[in-house]
Amino acid sequence: MLIIRRLAAVSAGLLAAAVLASAPASAQKPGGTLVQITQPEPPNLAPYISTSGPIGQVTAKVFDGLLEYGFDLKPVPSLAESFEVTPDGKTITFKLRQNAKFHDGKPFTSADVRFTFMDVLKKVHPRGIATFRELTAVETPDPYTAIFKLEKAAPYMLMAFSGYESPVLPQHVYGSGDIKTHANANIPVGTGPFRFVEWRRGEFVRLDKNKDYWRAGLPYLDRIVVRFIGDSSTRTAALEKGEAHVAGFGAIPYNDVKKLAALPSVEVTTKGYEMVSPIVELLLNTKHAPLDNQKVRQALAYAIDRQFVIDNVWFGYGKPAAGPISSNFAPSGMFEAGKDYNAADRVARANALLDEAGFPKKADGFRFELVHDLTPYGEEWQRFGEAVQQQLAQVGVKVTLRYEDVAKWLKRVYTDYDYDISSNFLYNLADPVLGVHRSFHSDRIRPGTVFVNGARWSSPETDKIMDQATVEPDPAKRGALYRELIKQTSEASPVIYVLELQFPTLVNKQFKNVITSPLGIYGNYATAYRE
Amino acid sequence: MRGTALLFYILRRLLQTVPVVLGVVVLNFLLLQLAPGDLATVLAGEAGGAPKEYIDLLRQRFGQDQPVIVQLYRYMAGLLTLDLGYSFRQSAPVLQLLLDRLWPTLLLMGTTFLLSLGFGVTMGLLAALWVRTWKDHIVSVVAIIFYATPLFWVGLMLILLFSIKLGWFPTSGMEDVVAFNEGWDRVVDIAHHLVLPSITLSLFYLALYARLMRASMLEQRGLDYVTTARAKGLSERQITIRHVLRNALLPVVTMAGVQVGSLLGGSVIVESVFAWPGLGQLAYQSLFARDFNLLLGIFFLSSCLVVIVNLIVDVVYVLLDPRIRIG
Amino acid sequence: MSDVVLTIDNLTVALPSWSDRRNAVEGVSLDIHRNEILCVVGESGSGKSVMAKSVLRLLPAPHVRVTGGRILFEGKDLLTLSEPEIRAIRGGRIAMIFQEPMVALNALMKVGRQIDEVLEVHTKMRAAERRTRVLELLADVHLPEPERIIDSYPHELSGGQRQRVMIAMALAVEPALIIADEPTTALDVTTQAQILHLIKELQRTHGTAVLFITHDFGVVAEIADRVAVMRHGELVELGQTSDVLNTPQADYTKALVAAVPSMTPRARTSAPASAPLLIVRNVEKTYGRHGGWFGSRGRTVKAVQKVSLDIGRGRSLALVGESGSGKSTLARCIIGLEESDGGEIILDGEQISGLTRNEMRTLRRHLQMVFQDPFASLNPRHRIGDIIALGPTIQGVSKEQAWKEARELLMLVGLKPEAVDRYPHEFSGGQRQRIGIARALAVKPKLIIADEPVSALDVSVQKQVLELLDKLRRTLDLSMLFITHDLRVAATVCEEIAVMQHGLIVEQGSTADIFSNPQHAYTHALLQAVPGVAWQTRSAPSI
Amino acid sequence: MMKSFSQRFLHNPLVIVGLSWLTLVLLVAVLADVLAPANPFAIVGKPFLPPAGDFLLGTDSLGRDVLGGLIHGARTTLLIAVLSTLAAVAFGALVGAVAGYYGRWIDDVLMRLTEFFQTIPSFLFALVLIAILSPSAMNLVIAIATVSWPPIARVVRGEVLSVKSREFVRAAIVAGQRDSAILISQVLPNTLSPLIVTGSLLVATAILVESALSFLGLGAPNQMSWGFMIGAGRSFMREAWWLVTVPGIVILLTVLSINLVGEGLNDALNPRLADA
């Protein structure tokens, strides 16, 4: 089937009006400073070499992408006014906006696009190396046309053009010198609605309004200040006192979110993570006995009380996961519930499976012992580990917890594979090719590469399904392939899917229109305003 | 005469500290090599996973593909020219990062130092003057409670009471980031933010100095020269101020020098509770990010800081005590 | 009487509840007259110092306090004065001089300023006038270069100079009474003589009354107009100096006077032995060679310079000198506590200098030592039996045998054999020194080195210990090297004397020769400096 | 004659208070399995039950019994603190004794080493050690001991220096005792009292360090300890005050008691200072 989608060249003002249809137009007066809490402090402000979450929370306001996305995950125009995909899926032609300028006053042209994708993202961007692997060239017949040439069709690529994922860089700034240690790594220059002013380390980044933004009349806010506060209860206090206005991605402890939600001044939303779709999982080392036994793995999956974890560890901000693919993909037909590990008699089933597998309970009530390596990402992960420890104890599995720092843990799980169980949360991202394949495909068993197939489970069948889905342009066929993948992987259970995390984003009610896309606080806040 | 002697003494002491500081750096360098995992994996981890090519690229960039001895040699060679390397994680030269964070830490530590020393000495002095009265008991009990309370707990309780319930002080940070104050307003604003963290960090040391000062005062008051002073007809007040105080200060000065290192350690906790943008927080972050260049830089800087403060303390000691020979 | 300056009337001072006796001073009454030096003499624990301190109410309250009596001064009872009133008297009308000038002065304040304080408190003089006065005072106490001394710190002065500063301080505002609490005890004998002379001179020129506390009858003989003898807090005897010294009435006074070591030199008791037991040849020792890695080059002190001496079998030699003369260093070199830098030490034909600790071990049985401080020389955590038996067990004697011998030794030194099971703190100073002697004897040595063995003891105890040492030496036919600063003691126990000064032996010979005809100026000065030398050579009680 | 040591020690009311609390904590630690037989990590009730209900001190964020945690925590906390102190005292005393007794270059080398460790901010150093070794009870002991021995070494060295110049040591040399024997039988026993005082105070410091490390999330994950409880409860400070307050007060009381007893020991061992 032939996909030609053509977006009407909608003017920026019209687009804004359309998105903001629900808000009363009279309230949108310019001015105000919005304070966002980002945790932890970003290591740098170079989103083209690092996809560390906090970086994007800052730089998505400074850099635009070629496209943005609606809550339905459909592309909307940004620096590209429109694009066209040839039927074979091997050529994408972007028509670029003509009035966009970088913060230093130089105009934005197709040369910048070619530089960004060919010289930077494809070479040094951690995900870009994979996402744009099929990209062979960017042709620039004129300053406002960029033609992407692909080796093979890559339908997922179209989901990766946001300012967060693929920021468009000015060639005249980043083009000279080594991009990996570029002087502007911490002084970002883009076309976005806010320009970078100052980064006082340990304290804040200050972004001021870009007066020459290509969307006339935008942004409304005068300034965005991104604050970094190391201690979680202090972050809560800052939000409570109105010293800060926006926080997301777990910056506020889940238990405090409930309390803050009760305040008249704070609004809580779980929207804005549709292109992220994080899933909390327990990774099982399928090469370690007894976890090489499928029955044992299934038994462990049954033993987890998902609702308890959601209620007591994430304080309600999640829903039970039904497989490797998030229910956020239901609209595109790629989601279906897998094997039901949440059945009412799950504990009995778990015990039965373990007996069957040949691990009877011994005199002390335990069948065998495992070590659980906790994700060193904060205290809820520790509590999660403690809850899992108690739940597995109920089916006779004795668990010892091990807590190491990030580097040590990553090395243990993804390089040395010296672990039994580890907790983690992985993003599904905008497409299963980007976020899901990495957990199961045999070509993703790569010692030293993190957040890939650490379970080291693979089968020729699932490899084949994924290879087909990668290049399959027909959404319906892709959907069917992925539903089959869900079925097979949840039966094999190399990974126990616990819950779909619903990050709460807290916004002070003085501010409106802050969360306007599936990228949430990775958005650019161009249309946010203060009442 | 004595001035030049003092200068030579300072120079000689500085020279003596060089091997100590270098030793600390080498020790830490080797210690950090023992840590499994490296910056490349952390960076890749934070990026939510990355291809192997990318991780190898990072390793090569960080010089981690070289043998340890080569890395050590390169680092030490750089150190001699005050080049502390580059923090790849923070994308900035280590020296610049350190200098950015140095002054908030110095501000916090300096304030704490003065607060704890000033109030501690005063409290100890008063307790000694009121010895065995109810006032002495109150001061002593307060001091020992401060001494026994975990730092972070005090910080949390102070935030709860003074920021959240009473709203007198800001919860965190070093200045109001919405207002962007300039000039005098900024000074007032920073001072306002400084109150709670410095009190939190001060309490323990205040208690320490108060107790030491009290004991030292009492010990000195039993010595013969005090009896001499009394036999001269001096009032107790004169005896205390002219004779006992200076003698009693000597052990407190020594202790204050010893405690500088621990003060830096305590600031890790306080900076984390109050989001104070200092070296302590930077150290904690860089440790978990395996940003070794930065961490080594922090160790280097804090060793220098400790050594310099110790030197200052020794100089103060020399000035206070004419018996110390510095020739 | 009009010239009575101070009257102590039935004074009683209570000790804290946990002390071994109730009162430090019990019902003491005394008068001190104008232009008079009254010596209060007594052994440690007699209450003499407490009495002196109670005059100016300087007792360590609240534990030690006056519970009865009056102290009348210029018509007022000092014990009932208000704080400001007593402060006006302290340093103004009554001044005090203490025993240890090093600790009695504030180490962190220039001495001039410390004298100046007295003037500041008690006069209305301006700063410049006060400075002139301080300089005058420093000159009055015969300190050289007052302009330099005034800006010196106490540690920059010698012990004698410091005590002169204390005296200048006491004289600053011409007090009616000076209380001197053992002001010369910490000083060397020649310095002591100078200070005593100074006090007497100043007292005569100013007509001041002086209450002088001391334990030494020699000092009494030297300086006192009248003497009060105290024992256990009570006044035993009070009278004119010559009466008390020459015809003491109370038994206690008699015993004390008798215990003062004689100035009569001891005669040679036996013919010289054929070969000396100990030969010391050209021994040298210099301190301060070792600097730290980065340390400053310390000053070097030549403690012992090419010293030679012999001790015959069964003979005793006294090594006499003041502090810093190198006598103790020489003793430590001989016993192997320090390594000499040069020269030879030969014991009974065997070279012992330059031996390692291990090589020295078997030779230890020939050579033992009695230490100075009976409180520091016994390990407080060991039983007496263990302490005495240590040497023999190291030499290979069985533990049972060593303990059996320890019991016998204890009897020999006049203690009960049961003492083996007790700990040092249960014994008095004299008893401990007896234990120290028993320890030295335990390995049956040929030579004993006694390093100031009686200098920390009261005079009556001192006499007993000296007698014991002498008796043992003669019955066991030991040789002895006796280190002392006190010529009187040396004369009591040794038939030969070597005088040391600045690391050199300046004179050596039989005690009798040296006493009757000193050759070296320093020996002469030492002899002259012995306090009460005139009185002692006149009436010589013998052992 | 002064009052005996035990008289002076036990007649101090503050010492009695401190000793009573420490005895209680010690008993609880020893009898933990009897007093609270359940696994302290076991989820036994609803989360966040306030104190004085079914659970005397309430439950925590996962429904674990706070009282049970305190009881088992006493064991872990004391064990970590005491073991690390013992290790620090043993090592510090060895270094200090050897440096003080042998002097010269040995002293120089060892004291440089000590200085070295004192130059590195100790808490930071402990953090690094834990990060490298990974958090566990054993590693906490190692880390805390590693950063706390230098003061002990200094105290012991100072004492040894003063004791070794005393005459009874010379007497032992003169008697022919070997250096090692002198160090062990003559010198070290006489440095005990300052060592005991410093050591007892070090236990208090160790408890504080352990709880601070736990607060930063570096406590031992499989042992219930007071520091762990505060670390786990700090986020819920406002809605469940007892989670942080109760273990915080317990730590405070314990550290306080150790200090009181340590000071009492000091006063009783050095009567001169006490009477000043």
Side-chain angles (χ1 to χ4, degrees), chain B residues 17 19-21 23-24 27-28 31-32 34-36 131 140-141 144-145 147-153 156-157 159-160 164 204 211 215 217-223 258 260-269 272-273 279-280 283-284 287-288 290 295 298-299 302-307 310, chain D residues 14 112-113 115-134 147 150-151 154 201 204-205 207-209 211-217 226-227 230-231 234 237-238 241 244-245 247-249 251-260 263 266 272-276:
Chain B
T17 59
V20 174
V21 171
V24 168
L27 177 81
N28 283 310
L31 202 61
L32 292 178
L34 292 179
V131 66
S140 299
V141 166
I144 201 166
I145 287 177
Y147 191 74
T149 318
L151 262 184
F152 54 89
W153 200 64
L156 295 176
M157 294 294 154
I159 291 182
L160 198 58
I164 295 168
F204 174 84
R211 296 173 64 194
M217 285 284 294
L218 293 182
E219 183 177 358
Q220 291 292 328
R221 287 218 307 192
L223 294 185
V258 171
V260 176
S262 116
L263 198 61
L264 259 171
S267 67
V268 177
I269 299 168
S272 134
V273 172
L279 284 176
Y284 184 67
L287 176 65
F288 287 96
R290 286 289 185 275
L295 198 57
I298 293 169
F299 272 119
S302 45
S303 312
C304 289
L305 219 58
V306 170
V307 162
N310 281 337
Chain D
L14 291 177
R112 288 285 145 182
L113 185 77
E115 208 175 290
F116 209 73
F117 275 88
Q118 284 190 315
T119 307
I120 308 172
S122 60
F123 188 74
L124 259 180
F125 195 42
L127 267 182
V128 172
L129 285 174
I130 289 290
I132 288 173
L133 298 171
S134 85
V147 300
R154 282 185 179 272
L201 297 179
T205 317
I207 292 178
L208 289 177
V209 173
S211 66
L213 287 170
S214 297
F215 174 78
L216 293 177
W226 296 337
I230 294 188
R234 64 188 269 219
M237 197 168 72
R238 288 198 278 180
W241 55 267
V244 167
T245 320
I249 288 172
I251 291 178
L252 196 158
L253 285 179
T254 308
V255 174
L256 192 68
S257 300
I258 295 171
N259 276 305
L260 291 176
E263 272 193 3
N266 191 36
R272 194 175 62 83
L273 290 181
D275 290 337

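Chain A is the first sequence line, chain B the second, and so forth, proteins listed ahead of strands; every chain is numbered from 1.
Contact record, B/F299 with D/V128: CZ-CG2, 3.5 Å, taken as the closest heavy-atom pair. Taking each heavy atom of D/V244 and B/M157 in turn, the nearest pair found is CG1-CE, 4.3 Å.
Chosen from D/V255, D/V209, D/L14, the residue pairing most often with chain B at heavy-atom distances under 4.5 Å is D/V255. Of the listed residues (D/S257, D/S122, D/A212), the one with the most heavy-atom contacts under 4.5 Å to chain B is D/A212. Across B/N28, B/L264, B/L156, the residue that shares the most heavy-atom pairs under 4.5 angstrom with chain D is B/L156. Among B/G265, B/A148, B/G266, B/S262, the residue with the largest count of heavy-atom pairs under 4.5 Å with chain D is B/A148.
Distance alone, capped at 3.5 Å, places no donor-acceptor pair between the B/Y147 side chain and the D/N259 backbone.
Looking at D/I249, the atoms closer than 4.5 Å to chain B (heavy atoms on both sides) sit in the backbone and in the side chain alike. Both the backbone and the side chain of D/L256 have a heavy atom closer than 4.5 Å to some heavy atom of chain B. Of the two parts of B/S272, only the side chain, counted from C-beta on, holds a non-hydrogen atom closer than 4.5 Å to a non-hydrogen atom of chain D. For chain D, the nearby parts of B/V24 are the backbone and the side chain; heavy atoms of each come within less than 4.5 Å. For chain D, no part of B/V21 is nearby; none of its heavy atoms comes within less than 4.5 Å. Looking at D/L253, neither its backbone nor its side chain comes within 4.5 Å of chain B, counting heavy atoms on both sides. Both the backbone and the side chain of D/T245 have a heavy atom closer than 4.5 Å to some heavy atom of chain B.
With rounding to the nearest 0.5 Å, the separation of CG in D/L208 from CG in B/L151 is 8.0 Å. In this structure, CG on D/L124 lies 7.5 Å from CG on B/L295, to the nearest 0.5 angstrom. Here the straight-line distance linking atom OH of B/Y284 with atom CG of D/L216 works out to 4.5 Å at 0.5 Å rounding. Taking CD1 of B/I144 as the start and CD of D/E263 as the end, the distance is 4.5 Å to the nearest 0.5 Å. The structure places CG of B/L27 at 9.0 Å from CG of D/L113, a figure rounded to the nearest 0.5 Å.
Side-chain contact between D/L252 and B/W153: present, with at least one pair of heavy atoms (C-beta onward) separated by less than 4.5 Å. The closest side-chain heavy-atom distance from B/L31 to D/L129 is below 4.5 Å.
Taking the six-membered ring for Trp and thresholds of 30 and 60 degrees, B/F152 and D/F215 have nearly parallel ring planes, at less than 30 degrees apart.
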